[in-house]
Structures are given as structure tokens and as C-alpha cells.
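Input: a single structure, listed below in C-alpha cells.
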Amino acid sequence: QFTASTPVESKFRQYHVGLDVKINIINNKFVRLSPVVGVRLLGIDWEVRDLTTGLKGDTSDIDTPLKYDEAAIIPYPEVGLEVRAGLRKWIEADAKLTGSYFTYDNIEGSTLTLDVGVTGYPIPYLGVRVGGRYMEFDVQSVDDDDPDDSFDLDLEYLGATLSIIVRFG
């Protein structure tokens, strides 16, 4: 047991941006099956400050390949599979599972993303999608020159999604 009595102020922000390329293996009015290759960026901006002494730790303390403003950026690839089924002109259910394992520049990690949803098309080329997403990140850095620059990041997200879908053609 221990007693913690030092008041601290903290902030944690994360950013996630990605781009997918899908090639349809099956694509008809009932089913679409597509392998997925994606590139993603995970950005993390954190800070913990001791309010009595002013001592702080933040993302500038960790070594990542890219920085943007005060955020540490970790680029990574993902591969997976997406399936869509239903009367796809009016309504379809979908599931996409992607993941990766990567190692570069003293960074090693794995990711997993599961995205499920249902899309309805009340107007022919405009749809509304409701769904859910689970994302898991396990990323470590080992800086042999300066162990204080190393980090171990284990993030997990679960949440609902709401999207507007525009189809062309």
C-alpha cells in the first residue's frame, strides 16, 4: 500500500488517421468481399504536471519517428478483410477486421481493429451507417542510448460510430 497526496494535472489526447485500399474479390448486389491494405497514423499527446513543484512529463520525453506539434506520431500498416451482405441497394451489414505486427526504428507493436455496422440507403446514393468499433494498440519503444526515451503504450478503445455514406456509380 502507498499514499499518493501530490496533486497533479494531466491531459491525454489521441489522433487516429488512416487510408484503406480495397480490391473487391466478390461484388454483386448481395455480397461484397474485399481484402484490405491500410496505412494508419496514431498520434499521442500527453502531459502530467505536479502542481506543487511544476515538475512535468510529456510526449517530448519519448522518441517516435514523427512529431506533429506536441504529438508523437507512430505510422503503421494494417491488412485484413471486409465483408458486406444484404440487399445492398437498400440495406447492408458489414464487418471489417484488420491488424498488424510491425517493427522499425526501435519501435515494435501490434494492432487490431474490428468494425461492424449496418447501412441503410433511403436515397439511392446516400446512406446512413450505425455501428461499433473496437481498436487495440500495443506499441513499445526501446532506446538503448537513453532508456528514459522508451515507452510502452497499451491502448484499447470501444465505441459507437455514426457515418454518412456517399456512393458513386
Side-chain angles (χ1 to χ4, degrees), residues 12-46 59 62-144 149-169:
F12 178 78
R13 292 182 222 169
Q14 66 88 25
Y15 312 92
H16 190 253
V17 177
L19 174 68
D20 286 346
V21 175
K22 302 172 191 174
I23 299 171
N24 300 330
I25 294 174
I26 298 172
N27 190 16
N28 59 43
K29 63 182 177 179
F30 301 111
V31 176
R32 184 176 88 189
L33 181 65
S34 309
V36 177
V37 175
V39 176
R40 316 257 192 264
L41 297 174
L42 174 64
I44 301 158
D45 182 9
W46 66 272
T59 46
I62 60 174
D63 188 21
T64 56
L66 301 172
K67 300 277 188 188
Y68 176 74
D69 198 20
E70 294 184 20
I73 307 293
I74 301 167
Y76 63 95
E78 277 195 335
V79 295
L81 188 67
E82 179 181 62
V83 63
R84 295 178 176 270
L87 296 173
R88 295 189 50 230
K89 184 175 181 179
W90 297 286
I91 189 166
E92 64 184 357
D94 65 86
K96 179 170 70 169
L97 179 65
T98 59
S100 71
Y101 172 79
F102 54 91
T103 179
Y104 66 90
D105 197 29
N106 294 332
I107 293 179
E108 180 178 306
S110 61
T111 66
L112 177 71
T113 303
L114 173 62
D115 199 355
V116 295
V118 175
T119 306
Y121 294 93
I123 301 171
Y125 296 105
L126 185 65
V128 177
R129 181 180 183 273
V130 293
R133 182 174 294 153
Y134 172 77
M135 300 169 74
E136 185 177 294
F137 303 94
D138 185 16
V139 181
Q140 303 86 33
S141 165
V142 178
D143 189 338
D144 295 330
D149 285 348
S150 298
F151 66 91
D152 188 354
L153 180 65
D154 188 11
L155 298 173
E156 201 172 316
Y157 299 96
L158 176 63
T161 60
L162 177 64
S163 307
I164 300 296
I165 308 294
V166 178
R167 292 198 285 200
F168 299 96

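- N24 and S34 make their closest contact through OD1-OG, 2.6 Å (heavy atoms, listed as atom of the first residue, atom of the second, distance).
- Between P75 and Y104, the shortest heavy-atom distance links the atoms O-OH, 2.5 Å.
- Each of L33, T98, L97 was checked for a side chain to side chain contact (heavy atoms under 4.5 Å, CB included) with L81, and the lone residue meeting it is L33.
- A parallel orientation is assigned to the rings of F102 and Y76, their planes being inclined by less than 30° (bins at 30° and 60°).
- Electrostatic pairing of D69 and R13 does not count as a salt bridge here, judged by no charged N lying under 4.0 Å from a carboxylate O.
- The shortest non-hydrogen separation linking D20 to G38 is OD1-CA, 3.6 Å.
- Note that CG of D45 is 9.0 Å distant from CD1 of I73, once rounded to the nearest 0.5 Å.
- The distance from atom NE2 of H16 to atom CD1 of I74, rounded to the nearest 0.5 Å, is 10.5 Å.
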Practice task
For L42 and T111, run side-chain contact (heavy atoms from CB on, under 4.5 Å): C-alpha distance rounded to whole Å, both residues' side-chain angles, the deciding distance at 0.1 Å, then the answer.
Solution key: CA-CA 11 Å; L42 174 64; T111 66; over 6 Å; no
Practice task
Could you walk me through whether W46 and Q14 pass side-chain contact (heavy atoms from CB on, under 4.5 Å), step by step?
Solution key: CA-CA 8 Å; W46 66 272; Q14 66 88 25; over 6 Å; no
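- Between R32 atom CZ and I25 atom CD1 the span is 11.5 Å, to the nearest 0.5 Å.
- Between the S100 side chain and the P77 main chain, a donor and an acceptor come within less than 3.5 Å of each other.
- Between T113 and M135, the closest heavy-atom pair is CG2-CG, 3.9 Å.
- Considering CD1 of I44 and OG1 of T59, their distance stands at 9.0 Å, rounded to 0.5 Å.
- The NZ atom of K89 sits 8.0 Å away from atom OH of Y125, with the distance rounded to the nearest 0.5 Å.
- With Y121 as the partner, the side chain to side chain contact (heavy atoms under 4.5 Å, CB included) test is satisfied by one option alone out of L126, I165, L87, I91: I165.
- Distance check: L112 CG to D138 CG gives 11.5 Å after rounding to the nearest 0.5 Å.
- The neighbour count for I23 CD1, taken as heavy atoms of other residues, nucleotides or ligands under 6.0 Å away, does not exceed 12.
- Annotation for R167 and R88: closest pair NH1-O, 2.9 Å, computed over non-hydrogen atoms.
- For NZ of K67, the number of neighbouring non-hydrogen atoms (other residues, nucleotides, ligands) closer than 6.0 Å is greater than 12.
- Among all heavy-atom pairs drawn from V116 and A95, the shortest one is CG1-CB, 4.0 Å.
- Around OH of Y68, the count of heavy atoms belonging to other residues, nucleotides or ligands within 6.0 Å does not exceed 12.
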